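Have a look at the structure below, then the notes.
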Amino acid sequence: MATTLSGTSGALYYKPAGTDSTFKAANVTNANNTINVGTFLGFKVNDKVSFGTGTGGTLPAGLAAGTPVFIRTYVAATGLATFAATAGATELALTNDGTDGTTPFTIKYSEFEAVGAIREWSFEITRDEIDVTTIGQTLGQFAPFKTYITGFADGEGSATIYTTDDDTTIASRLVDDVIQRVQTGVQFKLYTDRVVASGVVDDTLSRSIEMEAVLTSASFTVNPDDAQSIEVAFRPSAVPTFDFSKS
């Protein structure tokens with residue numbers, strides 16, 4: 001007999017806004033180990049990020065494509081960032097500026113983070129209806145019915161987040177990201193059935209919806225009888241990936 005899933009089977013994972021950018025060799029200054037990754041993005045100290053070479057390029061020596069490093073410093077007004085091999089470690093040395101290819105280097109937030117203060121999430125997919133009814137039909141006793149075909153798909157979702165006095169959590173960051181000007185990098189992974197093995201999510205056995213998204217609003221609720229909460233609304237900015245298979 002199949003087991004009915006409960007809300008405890010679900011979870012919400014997140015990648016923050018402003019953590020997906022590109023740069024070129026000219027943006028690298030190996031003399032002081034800095035890369036200009038872009039101004040007024042959402043990178044924070046100790047963010048785990050990964051680099052890509054673009055097409056045909058060579059990353060600055062000291063970095064390797066797909067090998068995560070950590071943001072050591074980031075100045076939003078200038079876009080300059082330094083990196084470390086582990087969180088809080090010494091500055092990572094860049095011994096050259098790299099070589100450009102036909103497309104820029106990439107820097108992205110490396111992994112989804114579990115948002116532990118989530119009360120609930122919801123997500124709805126809808127389809128447009130296109131009216132293709134023709135006139136001149138043969139009339140009988142009953143009114144003719146209209147004819148429709150399906151059109152574009154769209155989606156919208158929301159997550160209710162409990163607020164705490166710790167503003168360093170990924171949940172607080174999600175709320176802050178609603179007003180982040182550059183939202184490139186926002187991604188959600190919504191688990192309907194999260195399976196954890198040895199402390200790690202087993203995506204082969206889990207069911208989930210994954211999407212790039214934009215954050216559209218935040219609604220705050222404060223009253224004497226309930227924990228303070230914020231409802232954040234979002235919608236997909238690209239086609240979501242639905243993985244409802246257990247294999």
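As the structure is a prediction and not an experimental result, all values here were calculated from the model. For this chain, numbers begin at 1 and follow the sequence in order.
- Identified under the side chain to side chain donor-acceptor pair (under 3.5 Å) test for residues 19-28, with sequence neighbours left out: none.
- For the atom pair OH of Tyr148 and OG1 of Thr133, the computed distance is 6.0 Å after rounding to the nearest 0.5 Å.
- Using a 4.5 Å cut-off between side-chain heavy atoms of Ile, Leu, Val, Met, Phe, Trp and Tyr, with links allowed through other members, Trp121 and Tyr162 fall into different hydrophobic clusters.
- Take Asn46 and apply the side chain to side chain donor-acceptor pair (under 3.5 Å) test, not counting sequence neighbours, and it matches no residue.
- With a 4.5 Å cut-off on side-chain heavy atoms, Lys246 and Val195 count as touching.
- Of the possible polar contacts, none joining the Thr29 side chain to the Ala31 backbone as a donor-acceptor pair under 3.5 Å is found.
- Between Val232 and Val178 the shortest side-chain heavy-atom distance falls below 4.5 Å.
- Rounding to the nearest 0.5 Å gives a distance of 7.5 Å between CD1 of Ile130 and OG1 of Thr150.
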Working note: Arg194 + Arg207, criterion side chain to side chain contact (heavy atoms under 4.5 Å, CB included); need CA distance, chi angles, decisive distance, verdict.
CA-CA 6 Å; Arg194 181 186 61 172; Arg207 294 185 175 99; over 6 Å; no
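- Ser206 places a side-chain N or O within donor-acceptor distance of the main-chain N or O of Asp202, the cut-off being under 3.5 Å.
- For the residue pair Gln137 and Pro144, the shortest heavy atom distance occurs at OE1-CB, 3.6 Å.
- In this structure, CZ in Arg235 is found 11.5 Å from CE in Met211, a value given to the nearest 0.5 Å.
- Using a 4.5 Å cut-off between side-chain heavy atoms of Ile, Leu, Val, Met, Phe, Trp and Tyr, with links allowed through other members, Leu190 and Phe244 fall into the same hydrophobic cluster.
- Remark: Glu91 pairs with Asn33 by the side chain to side chain donor-acceptor pair (under 3.5 Å) rule, at least two apart or across chains.
- Legend: residues meeting side chain to side chain donor-acceptor pair (under 3.5 Å) with Thr169, ordered by chain and number and at least two apart, are Ser172.
- Phe234 and Tyr109 fall within a single hydrophobic cluster, where Ile, Leu, Val, Met, Phe, Trp and Tyr are joined by side-chain heavy atoms under 4.5 Å apart, directly or via other members.
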Result block: side-chain N/O donor-acceptor pairs under 3.5 angstrom for residues 215-224, not counting sequence neighbours:
unit_1	atom_1	unit_2	atom_2	d
Thr216	OG1	Ala233	O	3.2
Asn223	OD1	Asp225	N	2.9
Asn223	OD1	Asp226	N	2.9
Asn223	ND2	Asp226	OD2	3.3

Can I get a per-line list of side-chain donor-acceptor pairs under 3.5 Å for residues 50-68, giving both atom names and the distance, sequence neighbours left out?
unit_1	atom_1	unit_2	atom_2	d
Ser50	OG	Ser110	OG	3.2
Thr55	OG1	Thr103	OG1	3.2

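- Within the 4.5 Å cutoff, the side chain of Leu94 has heavy atoms near those of the Val28 side chain.
- Enclosure of atom NZ in Lys146 is not indicated, since only 12 or fewer non-hydrogen atoms of other residues, nucleotides or ligands lie within 6.0 angstrom.
- Residue pairs meeting the side chain to side chain donor-acceptor pair (under 3.5 Å) criterion with at least one member in residues 68-80, sequence neighbours excluded: Thr73-Thr82.
- Residues forming a side-chain contact (heavy atoms from CB on, under 4.5 Å) with Lys189 (at least two apart in sequence, or on another chain): Tyr13, Phe112, Tyr191, Asp203, Ser208, Glu210.
- Checked against side-chain contact (heavy atoms from CB on, under 4.5 Å), Thr126 has the following partners two or more places apart in sequence or in another chain: Glu124, Asp154.
- When atom types are taken as modelled, the side chain of Asp177 and the backbone of Ala17 share a donor-acceptor pair closer than 3.5 angstrom.
- No path of Ile, Leu, Val, Met, Phe, Trp and Tyr side chains, each step under 4.5 Å between heavy atoms, connects Val214 with Val182, placing them in separate hydrophobic clusters.
- Side chain to side chain, Asn30 and Asn96 fail the donor-acceptor criterion of an N or O pair below 3.5 Å.
- Residues meeting the side-chain contact (heavy atoms from CB on, under 4.5 Å) test with Val115, sequence neighbours left out: Leu12, Tyr14, Ile118, Ile170, Ala171, Leu174.
- Applying the side-chain contact (heavy atoms from CB on, under 4.5 Å) test between Ile107 and each of Val49, Leu41, Val69 identifies Val49 as the sole match.
- A side-chain contact (heavy atoms from CB on, under 4.5 Å) with Glu212 is found for exactly one of Gln187, Lys15, Gln183, namely Gln187.
- Residues passing the side-chain contact (heavy atoms from CB on, under 4.5 Å) test with Thr90: none are found, sequence neighbours excluded.
- Side-chain N/O atoms of Asp166 and Thr164 include no donor and acceptor closer than 3.5 Å.
- Interatomic distance, Asn36 CG to Phe23 CZ, rounded to the nearest 0.5 Å: 10.0 Å.
- The hydrophobic cluster containing Phe43 also contains Leu92, counting ILVMFWY residues as joined when their side-chain heavy atoms lie under 4.5 angstrom apart, directly or transitively.
- One finds a salt bridge joining Lys48 and Glu111 here, because a Lys/Arg side-chain nitrogen approaches an Asp/Glu carboxylate oxygen to under 4.0 Å.
- Partners of Ser158 under the side chain to side chain donor-acceptor pair (under 3.5 Å) rule, at least two apart in sequence or in another chain, are Ser122.
- The local environment of CZ in Phe145 is sparse, with at most 12 non-hydrogen atoms from other residues, nucleotides or ligands closer than 6.0 Å.
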Can you check side chain to side chain contact (heavy atoms under 4.5 Å, CB included) on Glu113 and Asp47, steps first, answer last?
CA-CA 11 Å; Glu113 300 283 346; Asp47 275 358; over 6 Å; no
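- Under the 4.5 Å side-chain criterion, counting only non-hydrogen atoms from C-beta, Phe123 is in contact with Ile209.
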